[in-house]
Amino acid sequence: MLPTSSLRALQVRVPRRITGRRFASHGPPQFNEPSGWLFGEKPPAPGQKRVKEEWENIWYVGMFGSMAMAAVLLYYKPDTSIQTWALREAKERMEARGEKYKYEPSS
């Protein structure tokens with residue numbers, strides 16, 4: 001077996017400039033650096049209003065309109081639970097046999 005000093009000499013040394021290189025990523029990261037401002041916008045000067053972009057009103061109408069439509073559709077959704085079906089089926093069968101399905105106390 002070779003001594004450890006000769007094993008270290010046989011190891012391949014990678015130059016430092018290659019180890020820091022990024023081959024498949026096509027350069028440095030491509031994203032907006034954090035600026036500290038909310039959504040990257042500086043707040044307007046006092047007394048001035050923020051100017052909306054063209055797409056913002058469409059987004060508000062689309063987002064909140066679809067939420068309202070989903071709420072209405074969920075409210076009027078047909079009841080398809082098994083309990084409702086079983087109660088309706090039991091009432092129909094009891095009526096067919098001539099039994100009362102409502103409890104009436106005898107006084």
Side-chain angles (χ1 to χ4, degrees):
M1 184 149 173
L2 296 172
T4 57
S5 61
S6 61
L7 287 176
R8 284 189 188 136
L10 293 175
Q11 289 178 345
V12 177
R13 295 198 183 254
V14 180
R16 292 211 182 260
R17 63 184 168 86
I18 294 177
T19 58
R21 200 167 183 187
R22 305 173 85 186
F23 292 106
S25 65
H26 305 289
Q30 300 292 324
F31 63 91
N32 295 330
E33 293 290 331
S35 65
W37 302 105
L38 182 63
F39 305 119
E41 294 183 8
K42 290 186 178 180
Q48 292 183 349
K49 291 181 74 174
R50 180 181 166 275
V51 178
K52 287 186 178 181
E53 295 186 21
E54 295 175 358
W55 58 267
E56 289 186 53
N57 288 332
I58 296 169
W59 186 87
Y60 289 134
V61 169
M63 177 62 100
F64 297 115
S66 63
M67 284 185 195
M69 188 173 80
V72 168
L73 290 175
L74 281 173
Y75 183 77
Y76 289 108
K77 179 181 82 160
D79 186 10
T80 58
S81 69
I82 189 127
Q83 288 86 3
T84 306
W85 172 83
L87 180 63
R88 187 173 51 243
E89 186 72 21
K91 285 179 182 179
E92 288 173 5
R93 288 182 183 183
M94 289 177 82
E95 284 178 357
R97 287 187 295 212
E99 299 175 4
K100 295 181 181 177
Y101 60 89
K102 285 193 174 183
Y103 174 72
E104 295 176 2
S106 58
S107 33

From Asp79 atom CG to Leu87 atom CG, the distance as rounded to the nearest 0.5 Å |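 Reported value, rounded in 0.5 Å steps: 10.5 Å.
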
Separation of Ile58 CD1 from Met63 CE (nearest 0.5 Å) =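 Rounded to the nearest 0.5 Å, the CE-CD1 separation comes out at 14.5 Å.
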
Met69 reachable from Val72 in the ILVMFWY side-chain graph, under 4.5 Å edges |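 No, because Val72 and Met69 fall into different hydrophobic clusters, even though each may have its own neighbours under 4.5 Å.
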
If you group Ile, Leu, Val, Met, Phe, Trp and Tyr by side-chain heavy-atom gaps below 4.5 Å, do Met67 and Trp59 land in one group?
->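 Looking at the clustering, Trp59 is in the same group as Met67.
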
SB check Lys100 Glu104 (cutoff 4.0 Å) |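 Salt bridge flag = yes for Glu104 with Lys100.
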
State whether Arg50 and Glu56 are salt-bridged, where the test is any N-O pair (Lys NZ or Arg NE/NH1/NH2 against Asp/Glu carboxylate O) under 4.0 Å.
->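 Counted as a salt bridge, because a side-chain N and a carboxylate O are separated by less than 4.0 Å.
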
Let me see the working for Glu89 and Arg93 under salt bridge (charged side-chain N to carboxylate O under 4.0 Å, His left out), right down to the final yes or no.
-> CA-CA 6 Å; Glu89 186 72 21; Arg93 288 182 183 183; 3.3 Å; yes

Between Lys52 and Tyr60, does a side chain to side chain contact (heavy atoms under 4.5 Å, CB included) hold up when you go through it step by step?
-> CA-CA 12 Å; Lys52 287 186 178 181; Tyr60 289 134; 4.0 Å; yes

Closest heavy-atom pair and its distance - Glu53, Trp55 =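 That would be OE1-NE1, 2.8 Å.
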
What pair of heavy atoms forms the shortest contact from Gly62 to Ser66, and how long is it?
->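 Nearest pair, atom of Gly62 first, then Ser66: O-OG, 2.9 Å.
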
For side chain to side chain contact (heavy atoms under 4.5 Å, CB included), just list the numbers for Thr84 and Arg88, CA-CA rounded to whole Å, side-chain angles, deciding distance to a tenth of an Å, and then say yes or no.
-> CA-CA 6 Å; Thr84 306; Arg88 187 173 51 243; 4.0 Å; yes

Flag if over 12 foreign heavy atoms under 6.0 Å of CG, Leu73 =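 Buried by this count: over 12 neighbours within 6.0 Å.
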
